[in-house]
2 protein chains.
Amino acid sequence: MRNSNKRQLAIESMRKQILEVSSQLFQEEGYEQTTLRKIAKVIGCNPATIYNYYNNKEAIFFALQEEAFTHFYEAFEDIRLSEVKGFQKLRKMGRKYIDFGLNHPHLYELMFVLKPPMKAAEALDPEWNIGQKNYDLLKEAVEECMEEGSIRLEDVESGAFMIWSMVHGLVALRINKHCEMMMKEDLPFIANQAYITFENLLKSIK
Amino acid sequence: MRNSNKRQLAIESMRKQILEVSSQLFQEEGYEQTTLRKIAKVIGCNPATIYNYYNNKEAIFFALQEEAFTHFYEAFEDIRLSEVKGFQKLRKMGRKYIDFGLNHPHLYELMFVLKPPMKAAEALDPEWNIGQKNYDLLKEAVEECMEEGSIRLEDVESGAFMIWSMVHGLVALRINKHCEMMMKEDLPFIANQAYITFENLLKSIK
DNA sequence: CAAAATATTAAACGTTGTTTATTAAAAGAA
DNA sequence: TTCTTTTAATAAACAACGTTTAATATTTTG
């Protein structure tokens with residue numbers, strides 16, 4: 001195994017390239033439109049070659065999902081490092097969440113809307129915990145809010161889930177344009193309606 | 001055109017049958033798994049025959065979506081007819097919404113999660129307003145709540161959207177099992193967590 | 001450098017949704 | 001009713017998909 005390092009690097013490199021190309025196509029066109037044949041064409045290889053690096057299409061998107069969650073986690077880095085606590089932290093996190101969702105709609109869908117790669121997550125990796133790391137951040141903020149008495153919630157668990165549901169609902173409905181479907185005439189002001197609605201939620205539970 | 005009535009009835013009947021079979025298959029297996037070939041096999045006709053009654057698969061699911069919205073609207077019939085107003089009405093509506101979502105997950109997805117038939121809705125039927133009829137019911141309840149001062153919201157428009165986002169988030173996250181992904185260990189109690197969380201929201205904004 | 005292991009490829013398989021040309025059936029006019 | 005015309009159902013094929021297989025090219029190893 002003289003060149004097994006080199007070989008290993010080549011394999012890593014190919015896997016990375018597949019992921020990069022897949023990610024770009026996916027963010028442009030979504031899951032269904034991102035076909036293995038397109039990926040292969042961009043890379044310049046045969047579709048079958050991809051199967052030497054990933055077991056199937058789902059495995060690629062499972063990997064992409066993991067990347068997306070990491071990307072998502074890193075988006076909260078400045079909040080995690082800053083001194084801000086409690087209510088203001090919760091507000092910042094909410095805005096950041098909405099930002100991420102609206103600016104990376106396909107990544108958001110991959111994480112929280114689509115089901116296929118999710119099953120892979122459950123099946124392949126019982127130690128998967130990047131999602132939980134993100135959720136813990138929210139629970140932490142909610143806990144601080146309850147300690148400082150800045151919001152009225154029953155308990156941390158339920159409060160965190162409530163707020164998550166709320167921002168997820170905001171983002172999901174906006175991404176898929178379902179709000180435009182339900183409220184046709186009241187549309188001019190919804191440009192940043194998601195932010196406004198989140199702020200109103202905070203006011204209401206204060 | 002002697003028998004054109006009869007013919008017309010046969011066409012209506014066939015369209016109805018296609019819709020019924022599609023609906024059943026869809027509610028059992030979802031969008032992707034409900035293929036035109038399966039539908040045709042159940043009906044006992046050639047797949048191509050279906051194209052004499054619907055332009056394409058999307059058109060079938062657009063029709064199903066309209067049915068789903070009607071079904072959804074009718075689920076609120078008793079609330080609409082009852083005397084209950086304001087806060088209690090909002091609570092009942094929330095529970096009904098969650099009920100519907102959890103008991104008919106595929107229909108719920110068709111209405112509020114999947115995108116394909118949505119585009120058809122926009123494109124084909126600018127007079128489509130069944131969605132708005134449902135939303136108006138919510139706005140009405142929110143308005144009553146604000147009049148009686150039972151909940152603290154900025155305005156009707158924003159308040160209604162907030163509550164919709166909240167219950168949609170609850171249902172959508174549960175349907176796709178994303179909550180189980182984010183909070184692994186806190187799962188025993190979530191059997192009817194959606195209801196509990198909704199009740200907590202109401203308490204918090206009271 | 002030859003042999004063994006591995007990666008890439010072209011071709012094919014079994015699916016999809018959809019279209020086309022042909023056959024069967026129903027409708028209108030005599 | 002009978003003949004013609006319009007309409008519907010069919011089998012077959014198309015393009016595209018994810019995936020598998022068997023053969024070719026490329027490395028790695030002894």
Side-chain angles (χ1 to χ4, degrees), chain A residues 1-19 21-22 25-26 28-65 110 114-117 119-120 123-124, chain B residues 1-19 21-22 25-26 28-65 110 114-117 119-120 123-124:
Chain A
M1 52 164 98
R2 199 177 50 196
N3 271 343
S4 87
N5 295 347
K6 205 168 176 181
R7 189 81 205 89
Q8 204 63 32
L9 280 172
I11 289 173
E12 294 285 321
S13 162
M14 183 63 168
R15 283 179 66 96
K16 197 177 153 194
Q17 192 184 7
I18 291 170
L19 233 51
V21 171
S22 303
L25 288 176
F26 171 72
E28 286 165 3
E29 322 187 37
Y31 184 82
E32 301 291 340
Q33 300 301 318
T34 303
T35 69
L36 292 179
R37 284 172 161 87
K38 278 186 194 170
I39 297 168
K41 185 170 249 176
V42 172
I43 293 177
C45 71
N46 191 283
T49 303
I50 296 175
Y51 285 83
N52 285 324
Y53 300 92
Y54 290 94
N55 286 332
N56 47 40
K57 187 180 178 182
E58 203 176 346
I60 296 175
F61 283 86
F62 173 55
L64 276 185
Q65 191 194 45
L110 188 59
L114 299 178
K115 12 174 70 122
K119 289 185 191 160
L124 296 174
Chain B
M1 51 164 98
R2 199 178 49 197
N3 271 344
S4 88
N5 294 347
K6 205 167 176 181
R7 190 81 206 87
Q8 205 61 32
L9 281 172
I11 290 174
E12 293 284 321
S13 162
M14 183 63 168
R15 283 179 66 95
K16 196 177 154 194
Q17 192 184 7
I18 292 170
L19 233 49
V21 171
S22 303
L25 288 176
F26 171 71
E28 286 166 2
E29 322 187 36
Y31 184 82
E32 301 291 340
Q33 299 301 319
T34 303
T35 69
L36 292 178
R37 282 172 165 85
K38 279 186 193 169
I39 297 169
K41 184 169 249 174
V42 172
I43 292 176
C45 72
N46 191 282
T49 303
I50 296 175
Y51 284 84
N52 284 324
Y53 299 91
Y54 289 96
N55 287 331
N56 46 40
K57 187 180 178 183
E58 203 176 346
I60 296 175
F61 283 87
F62 173 54
L64 275 185
Q65 190 194 46
L110 188 57
L114 299 178
K115 13 175 71 122
K119 289 185 192 159
L124 295 175

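Every chain is numbered from 1, with letters handed out A, B, ... down the list of sequences.
In this structure, A63(A) and L19(A) approach most closely via the heavy-atom pair CB-CD1, 3.8 Å. Contact between I18(A) and Y53(A) at its shortest, heavy atoms only, is CD1-CB, 3.7 Å.
If you check distances only, the side chain of N46(A) does reach the base of dA10(C) with a donor-acceptor pair under 3.5 Å.
Judged by distance alone, with hydrogens and angles left aside, the side-chain atoms of K57(A) form no donor-acceptor pair with the main-chain N or O of L36(A) at under 3.5 Å. At distances below 3.5 Å, at least one donor-acceptor pair connects side-chain atoms of Q65(A) with backbone N or O atoms of L110(A).
Of the candidate nucleotides dT20(C), dA7(C), dT18(C), dT18(C) has the atom nearest to the side chain of Y51(B). For N52(B), taking side-chain heavy atoms from C-beta onward, the closest of the listed nucleotides dT20(D), dT19(D), dA8(D) is dA8(D). Here the side chain of L36(B) is nearest to one of dT19(D), dA10(C), dT18(C), namely dT18(C). Comparing dA8(D), dT9(C), dT19(D) against the side chain of C45(A) picks out dT9(C) as the nearest. When each of dT10(D), dT19(D), dT8(C) is scored by its nearest atom to the side-chain atoms of T49(A), the top-ranked nucleotide is dT8(C). Checking dA8(D), dT21(D), dT18(C) against every side-chain atom of I11(B), the shortest atom distance belongs to dA8(D).
Going from atom NZ of K41(B) over to atom P of dT10(D) covers 14 Å, rounded to whole Å. Between the CG atom of N56(A) and the P atom of dC17(D) there is a distance of 17 Å, given to the nearest Å. Summarising the geometry, the separation between CD on Q33(B) and P on dT15(C) is reported as 13 Å, rounded to the nearest angstrom. In this structure, N55(A) places its CG atom 10 Å from P of dT19(D), rounding to the nearest Å. The distance between atom CD of Q8(B) and atom P of dA8(D), rounded to the nearest whole Å, is 10 Å. Between the C1' atom of dT26(D) and the CE atom of M14(A) lies a distance of 14 Å, rounded to the nearest Å. The interatomic distance linking E32(A) (CD) with dT16(C) (C1') rounds to 11 Å, in whole Å. Rounded to whole angstrom, the span from the NZ atom of K57(A) across to the P atom of dT20(D) amounts to 15 Å.
T35(A) comes within 4.0 angstrom of sugar-phosphate atoms only, judged by non-hydrogen atoms across all strands, and of no base. Residue contacts for Y54(A): at a heavy-atom cut-off of 4.0 Å it reaches no nucleic acid atom on any strand shown.
Of the side-chain N and O atoms in Y53(B), one or more sit less than 4.0 angstrom from OP1 or OP2 of dA9(D).
Looking at heavy atoms from C-beta onward, M14(B) lies in side-chain contact with T49(B) at the 4.5 angstrom threshold.
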